[in-house]
Colleague: 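Structure in structure tokens, see below.
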Amino acid sequence: MRTKTVFNVLAVLFLALTLGNIQATRSTQAQELGPLSGNVIQGTVLGTAFTYQGRLTNTSGDPVSGPCILRFSLYQSAAGNDPVGTPLTANGVTPDNGYFSVALDFGADAFRGEGRFLKVEVDCGSGSFTALDPRVELTPAPYALYAASSGALRGNPVSDNAPAAGDMLAWDGNSWLPTAPAGGAQYANVIVVAKSGGQFTSIQAALNSITDADWTNRYLIWVAPGVYTERVTMKPHIDIEGAGELATKLTYTGDTTYATGTVMGAHYAELRHLTVENTGGANYATAMYNDDAAPFLSHVTLLASGGGSVNRGMLNVNGSQPQLKTVSVSVLGSGAAGSDGIFNEDSLLQARDTMLYISGGTVCNGVHNSQSVMKLIGSTIYVGDGSSAGYGVKNVNSDVDIWNSSITASGGVTATEIVGVDSYTSGSLFTAHINQSRISAFSGHTISNYSNAATYVGASWLSGGAVIDSGGVLTCAGVYDEDYVFYASTCP
């Protein structure tokens, strides 16, 4: 069993004042008691009182027998009018050979490490108090200073190892050691959002707390597993990372305006390793909305459903330039609602290794480009069960490059138009390039090219209904159909 050495500090005061025929001399000193042997009962709680001792003598040096009244007042300085707490009075003090001892308790809040001065007043039968001058400075003993530096906790030693930022004290069986908290060290410019135990429980609150992010001072918000029901507006130079697409989900409901989503993107910011969902319940259900924004998305799932008018995985407007890598988009419409995996208006989209699944609703579009530019590489689009029409990629006055991708369009029994890649130009010439890709359209057309649009297809598989060219430029080079019939310079 461990033994504990206890140190007690006694403030010994010899009073120096003249009280009628009473004279006192004073000095202060700290005394240290020897060790106490035996077991320490750790359940004993120390109070906030301390012992004050002194000696009273008359002018001849003889001890005063009393009785006396002593009054003690605590101050912040040696002479200022800056009291701390309320004065304490000890009545009926009867010195023994002039010596007396009283317990003073100014409360725990009186001593917080700042300097303290004690004013002592004495009345030994005169009917009035006489103050000792100057005030007595209360000073710590050496081991009190050691205790103030947390040299021990509950009698157990604290390691001298220097802690790192964010460390916590952990007991290793022998001493308290600075240790990184569970889950890893708290790194600079990393903020943790979690259902419990993190710095925030809200992603938006974490974003709002950052005010100094820039090119040279980027931040990461890491989001622990869980479902976070909130609308999030990203900020430049701040990345948001989840614990995985199956572990971390951001979800929110739809809106009466199209110009919003569960997540709103920002320039120079990345969203990764999580799922973003919009459950609808209003006219528009959009998982991610970008307005003049250029976010990066990596390992993100976008889900949208339940919108009364339109459901969209992503909507890009006003010069937005999102970049997608390994992104999955799933949009489910119903009734009169339309469904777009991604809708680009006056924007530039770059997507690599992206999968889009769109189903249900009046008109389904895998990607709808309007006056935009799109680069699609190594991606898969499947459009099915559109009650009226289904388009894998629909281009209106847009330039498109499609490489190493698979695009499939199908529809329900009432579908009137099913097209793999549909291009239309109302003014200047716009171009669609399709290379080393597979374009399939069940009970429809693999490619439709209208009104000054130019579509070039090379080294690709066109499976389904015949290619349609109406007033535009259509060129096929080295393509083959679903029966593997090769077409060297014409379109099947």
Colleague: Looking at Ser128, is its backbone amide N or carbonyl O close enough to the side chain of Ser126 to form a donor-acceptor pair, meaning the two atoms are under 3.5 Å apart?
Modeller: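 Present.
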Colleague: Around atom OH of Tyr258, are there more than 12 heavy atoms of other residues, nucleotides or ligands at under 6.0 Å?
Modeller: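 No, not enclosed.
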Colleague: Look up atom CD in Gln371 and atom CG in Asn369, then write down how far apart they are to the nearest 0.5 Å.
Modeller: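 Here the interatomic distance stands at 11.5 Å.
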Colleague: Under the side chain to side chain donor-acceptor pair (under 3.5 Å) rule, what do Thr256 and Asn283 come out as? Steps first, then yes or no, please.
Modeller: CA-CA 5 Å; Thr256 56; Asn283 290 343; over 6 Å; no
Colleague: Decide, yes or no, whether a salt bridge links Glu114 with Arg116 under the criterion of side-chain N to carboxylate O below 4.0 Å.
Modeller: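 Salt bridge: yes.
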Colleague: Do the side chain of Asn316 and the main chain of Ser320 share a donor and acceptor less than 3.5 angstrom apart?
Modeller: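 Not at all, since once roles are kept as given, no pair shorter than 3.5 Å links the two residues.
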Colleague: Using 30° and 60° as the class boundaries, would you call the ring planes of Phe50 and Phe111 parallel, tilted or perpendicular?
Modeller: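 Ring orientation of Phe50 relative to Phe111: perpendicular.
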Colleague: Determine which pairs satisfy salt bridge (Lys or Arg N to Asp or Glu O under 4.0 Å) with at least one residue from residues 207-226, sequence neighbours left out, and list them in order.
Modeller: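 Non-adjacent pairs meeting salt bridge (Lys or Arg N to Asp or Glu O under 4.0 Å): Arg218-Asp239.
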Colleague: Rounded at 0.5 Å granularity, tell me how far NZ in Lys325 sits from NE2 in His299.
Modeller: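 One finds 7.0 Å between NZ of Lys325 and NE2 of His299.
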Colleague: In residues 68-76, what donor-acceptor pairs under 3.5 Å come from side-chain atoms, sequence neighbours left out?
Modeller:
| unit_1 | atom_1 | unit_2 | atom_2 | d |
| --- | --- | --- | --- | --- |
| Arg71 | NE | Glu121 | OE1 | 2.8 |
| Arg71 | NH2 | Glu121 | OE1 | 3.4 |
| Arg71 | NH2 | Glu121 | OE2 | 3.1 |

Colleague: Any pair with a residue in residues 260-269 that passes side chain to side chain donor-acceptor pair (under 3.5 Å), sequence neighbours left out, goes on the list, sorted by first then second residue, please.
Modeller: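 Every pair satisfying side chain to side chain donor-acceptor pair (under 3.5 Å) with a residue in residues 260-269: Arg231-Thr260, Thr262-Asn278.
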Colleague: Check whether NZ of the Lys or CZ of the Arg Lys195 lies under 6.0 Å from the centre of the six-membered ring of Tyr228 and within 45 degrees of that ring's axis.
Modeller: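 Satisfied, under 6.0 Å and within 45°.
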Colleague: So, taking the atom named CE in Met288 and the one named CG in Leu250, what distance separates them when rounded to the nearest 0.5 Å?
Modeller: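 So the CE of Met288 and the CG of Leu250 are separated by 10.5 Å.
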Colleague: Do side-chain atoms of Thr275 reach the backbone of Glu245 as a donor and acceptor pair under 3.5 angstrom?
Modeller: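 Yes; at least one donor-acceptor contact below 3.5 Å.
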Colleague: Should the pair Lys375-Asp401 be classified as a salt bridge under the 4.0 Å nitrogen-to-oxygen rule?
Modeller: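 Yes, Lys375 and Asp401 are salt-bridged.
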Colleague: Please report the C-alpha distance between Asp340 and Asn311 in whole Å, then the side-chain angles of each, then the deciding distance to 0.1 Å, and finally whether the side chain to side chain donor-acceptor pair (under 3.5 Å) criterion is met.
Modeller: CA-CA 6 Å; Asp340 299 317; Asn311 300 279; over 6 Å; no
Colleague: Does any N or O in the side chain of Ser209 come within less than 3.5 Å of the main-chain N or O of Leu207, such that one atom is a donor and the other an acceptor?
Modeller: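 No; zero donor-acceptor contacts below 3.5 Å.
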Colleague: Find the distance between CD1 (Ile342) and OG1 (Thr354) and round it off to the nearest 0.5 Å.
Modeller: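 The OG1 atom of Thr354 is 6.5 Å from CD1 of Ile342, to the nearest 0.5 Å.
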Colleague: How many angstroms lie between atom OG1 of Thr248 and atom CZ of Arg272, to the nearest 0.5 angstrom?
Modeller: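 Here the interatomic distance stands at 12.5 Å.
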Colleague: Think Arg312 forms a cation-pi with Phe343, using NZ or CZ under 6.0 Å from the six-ring centre and within 45 degrees of its axis?
Modeller: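 The answer is yes; both the distance and angle limits are met.
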